[in-house]
*Asks:* 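Starting off with a structure, shown below.
These numbers come from the heavy atoms of this one structure, side chains and all, not from hydrogens, waters or symmetry mates. Lettering follows sequence order; numbering is per chain, from 1. What you see is a predicted model; the values in this text were computed from it and never measured.
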Amino acid sequence: MHTVKSISKNRDSVVELLAIRDFNAAAIVDEIIAVDTEKREVQTRMETLRASINSLSKEIGILFKQGKRAEADAAKEKTGKIKEEVKDFSSKLADLEKRLSHLLVQLPNIPHESVPPGKGAEDNIEIRSGGETGKLSKDALPHWELARKYDIIDFELGNKITGSGFPLYKGKGALIQRAMISFFLDEAIRAGYTEYAPPLMVNEESGFGTGQLPDKEGQMYHVTEDNLYLIPTAEVPLTNIFRGDILSSSDLPLKITGYTPCFRREAGSYGKDVRGLNRLHQFDKVEIVQVQHPDRSYEALEEMTSYIETLVKKLELPYRIMLLCGGDMGFAAAKTYDFEVFASAQEKWLEVSSVSNFTSFQSNRLKLRFRDEATKNTLTAHTLNGSALALPRILAAILENNQTPEGIKVPEVLIPYTGFEMIG
RNA sequence: GGAGAGGUGGCCGAGCGGUCUAAGGCGCACGCCUGGAAAGCGUGUAUACCUCAAAAGGGUAUCGCGGGUUCGAAUCCCGCCUUCUCCGCCA
């Protein structure tokens, strides 16, 4: 969410930069400016009237104390009419504020100037890659068949217990998941992140704070009885830790991490890439989050990207890093890198991480600020987050890429965590 | 889930219909004092928005959150959230 102030001040550049997203903002921006002008006018008039009621009330109090009943009653009469007017203005003001916030939530974040323009995935730019996407033999199996062969993931049982998209991990399948969680958390801690284990359900305010509500309401599981949402990513509870806070600049950067299951309805995505572990309703993920000084958030984005790159390298997976084009970025992001690993049997790139700078977009919603010690000004902080990493697609790639006639080779770095070197 | 008691500034804590413009204390910042420090003394110490070219100044709102009563609400009424105590249930 943007502030009206920054939109009014930078009207033309806002419209220009949002075009990178293939988003025509001119009409909305102009309406925001018009509604805000009217709002301020109404607000000023209402507050002036309210001030006169306040001072009259004070006088009435004094008159009563002095025992001047008649004069007090006369003053009371006067306030009646003013009160009516205030009522009119305040309902008008409430209407205008509603219109304004309705308009504001329609504007996606403004892309960084380095974001390439474009409409969809085809316009993303590969900026780095690593590892060998070596060829497998003809009889190489996709991970869902390997999972059945070695009896480590049971999709049918998950289906029976819950439904499609809820796999059941067994034996070494469950163990390697737990190994990855520990490995990713240990790495994050070593990189300076503090571990949190947050709630898995969040309230409406938290959903709004990070931008899932109101736009992506249908993507979250909603427990209507208690009006709580199952988290689609740890980003939501982890970032909302700081909702409403005014930090000190010496607190920054805040670097936190957490493992959580993630729940996504994935409404409307049936039939596409849903085989096996490719797209699930429940999956595990370790997330990293930073709260940063605005001057350093893009530096931090690069740092987080490099960090995630070390993870995929340590797992010895062939990967590529994509700079998302404007049209493929999420609503709240100003710049996003996606990490994809190559699953050799499917011969498909699977997205395993998305790391984004949200600049002040989430902070404005969260009212997350910090006091700059040098200038004593209160400024809006920047938030960033990234998956480090999402487990199922990593597992899919490991299974497919590391298959041998003897079984699946566990990546070196995970062996201390799994206690075994082979699945098979 | 039931009953009772609470939620006041960075923190503690008073106030329970009219200078509340929220007492007092602690903390913090600055100044005085000092060779330096402590103590002491003094001054200051929230957030958002509006107004103003800007600053100064002025205004509005905020005492858990949302409504209501009243000329006037931290204070009275209603709903919700939350904390504590007791009971019930429970991994």
*Asks:* Give a yes/no verdict on a cation-pi contact between K172(A) and Y150(A), requiring under 6.0 Å between NZ or CZ and the six-membered ring centre and an angle within 45° of the axis.
*Replies:* no
*Asks:* Look at the side-chain N and O atoms of N54(A) and state whether any lies under 4.0 Å from the OP1 or OP2 oxygen of A61(B).
*Replies:* yes
*Asks:* Are P232(A) and C262(A) side-chain neighbours, meaning at least one heavy-atom pair lies under 4.5 Å?
*Replies:* no
*Asks:* So which one's nearest nucleotide on RNA chain B is more toward 5', L56(A) or T378(A)?
*Replies:* T378(A)
*Asks:* With respect to the phosphate group of U47(B), does any side-chain polar atom (N or O) of R371(A) fall under 4.0 Å of OP1 or OP2?
*Replies:* yes
*Asks:* If you measure from the P atom in U60(B) to the same atom in A22(B), how many Å do you get, rounded?
*Replies:* 14 Å
*Asks:* Does the ring centre of H2(A) sit less than 6.0 Å away from the ring centre of F361(A)?
*Replies:* yes
*Asks:* A51(A) side chain: which of G18(B), U60(B), U47(B) is closest?
*Replies:* U60(B)
*Asks:* Which value, in whole Å, describes the distance between the C1' atoms of nucleotides A39(B) and U51(B)?
*Replies:* 46 Å
*Asks:* So does R369(A) get a side-chain nitrogen or oxygen closer than 4.0 Å to the phosphate oxygens (OP1/OP2) of A48(B)?
*Replies:* yes
*Asks:* In whole angstrom, give me the gap between the C1' atoms of U83(B) and G18(B).
*Replies:* 33 Å
*Asks:* With nearest nucleotide decided by heavy atoms, which residue, I62(A) or K58(A), maps closer to the 5′ end of RNA chain B?
*Replies:* I62(A)
*Asks:* Counting only Watson-Crick or G-U wobble pairs whose two distances fall under 3.5 Å, which nucleotide matches U75(B)?
*Replies:* none
*Asks:* Would you say the rings of F370(A) and H293(A) are close, in the sense that their centroids are separated by under 6.0 Å?
*Replies:* yes
*Asks:* Given the P atoms of A23(B) and U34(B), what is the spacing between them in whole Å?
*Replies:* 33 Å
